[in-house]
Amino acid sequence: MSTKDTLAELLREHGRSYAEEAGITLRDKPSPLYQLLVLAVLCSTRIKADIAVDAARELFRTRLRTARAMADTDWQTIVDALGRAHYRRYDESTATALLEGAEVLLRRWHGDLRRLRDEAAGDPQVVRELLQEVPRIGPVGAGIFCREAQGIWPELRPSFDDRARESATALGLPSTPEGLARLVPPEELPRLASALVRSSLEH
């Protein structure tokens with residue numbers, strides 16, 4: 001199968017970003033950026049990605065779409081929302097992490113991750129380091145955020161983590177971020193990165 005055919009099949013079967021699946025219309029605005037951060041927090045535990053996505057959708061249905069709304073809610077409301085999405089075992093600790101993370105975001109960047117971006121001054125490594133000031137966000141969570149945000153923050157391009165690159169190699173696609181980035185338009189990079197991760201998880 002040619003690279004073009006492999007790519008087309010990959011995107012047809014798996015080409016939906018995790019942000020899209022969580023119902024996030026990603027734009028360079030405080031609310032959708034915060035929602036993406038919440039999704040990254042939820043994906044940072046040893047739990048299936050589809051459960052993390054369901055948990056994000058449930059939190060957003062509960063109107064917890066901004067750092068201020070999250071900080072102003074009570075812990076039990078968050079635990080209950082996570083429970084409805086079957087986000088078990090980690091529901092209580094994650095509720096605490098989300099509350100603490102909202103406070104960090106409000107204190108450090110006034111609830112607006114664009115201010116974090118400004119502080120990083122165009123350096124993607126600094127973006128990753130600053131994201132890790134948020135409770136529960138480590139290198140994996142920061143990578144998830146950057147993978148999804150690269151469609152709107154050009155300085156993060158190309159963001160393909162180890163799992164995505166290994167998946168690309170297994171499929172016979174380029175194995176470097178730069179090589180993968182040449183396969184699709186810049187705005188499609190999150191879809192390609194997510195598709196590679198989904199393909200890896202499926203196999």
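These values consider heavy atoms only, across backbone and side chains, with no hydrogens, waters or symmetry-generated copies.
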Taking only residues two or more places apart in sequence or in another chain, which ones pass ring pair (Phe, Tyr, Trp, His ring centres under 6.0 Å) with Phe145?
Trp153
In sequence, state the C-alpha distance, the side-chain angles, and the governing distance for Asp28 and Arg117, and then conclude on salt bridge (charged side-chain N to carboxylate O under 4.0 Å, His left out).
CA-CA 10 Å; Asp28 192 26; Arg117 183 190 187 192; 3.4 Å; yes
Is the backbone of Arg165 close enough, under 3.5 Å, to the side chain of Thr169 for a donor and an acceptor to pair up by distance?
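Flag set: sc Thr169 to bb Arg165 pair under 3.5 Å.
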Within the side chain of Gln150, is there an N or O that forms a donor-acceptor pair under 3.5 Å with the backbone of Arg157?
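Flag not set: sc Gln150 to bb Arg157 has no pair under 3.5 Å.
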Do [X] and [Y] have side-chain atoms, one donor and one acceptor, less than 3.5 Å apart?
| X | Y | result |
| --- | --- | --- |
| Ser194 | Arg16 | no |
| Arg136 | Thr45 | no |
| Glu21 | Ser17 | no |

Give, for atom CG of Leu36 and atom CD1 of Ile152, the distance between the pair rounded to the nearest 0.5 Å.
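Nearest 0.5 Å value for the CG-CD1 distance: 7.5 Å.
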Salt bridge or not for Arg57 and Asp54, using N-O below 4.0 Å?
no
Sequence neighbours excluded, every pair satisfying salt bridge (Lys or Arg N to Asp or Glu O under 4.0 Å) that has a member inside residues 79-95
Glu58-Arg84
Going by side-chain contact (heavy atoms from CB on, under 4.5 Å), Leu82 matches just one of Leu59, Thr77, Thr62. Which one?
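Of all the options given, the one that passes is Leu59.
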Quick check on the hydrophobic clustering: are Leu11 and Leu173 connected, directly or via other members, by side-chain heavy-atom contacts under 4.5 Å?
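Linked within one cluster.
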Through direct or indirect side-chain contacts below 4.5 angstrom among Ile, Leu, Val, Met, Phe, Trp and Tyr, which residues connect to Val140?
Ile144
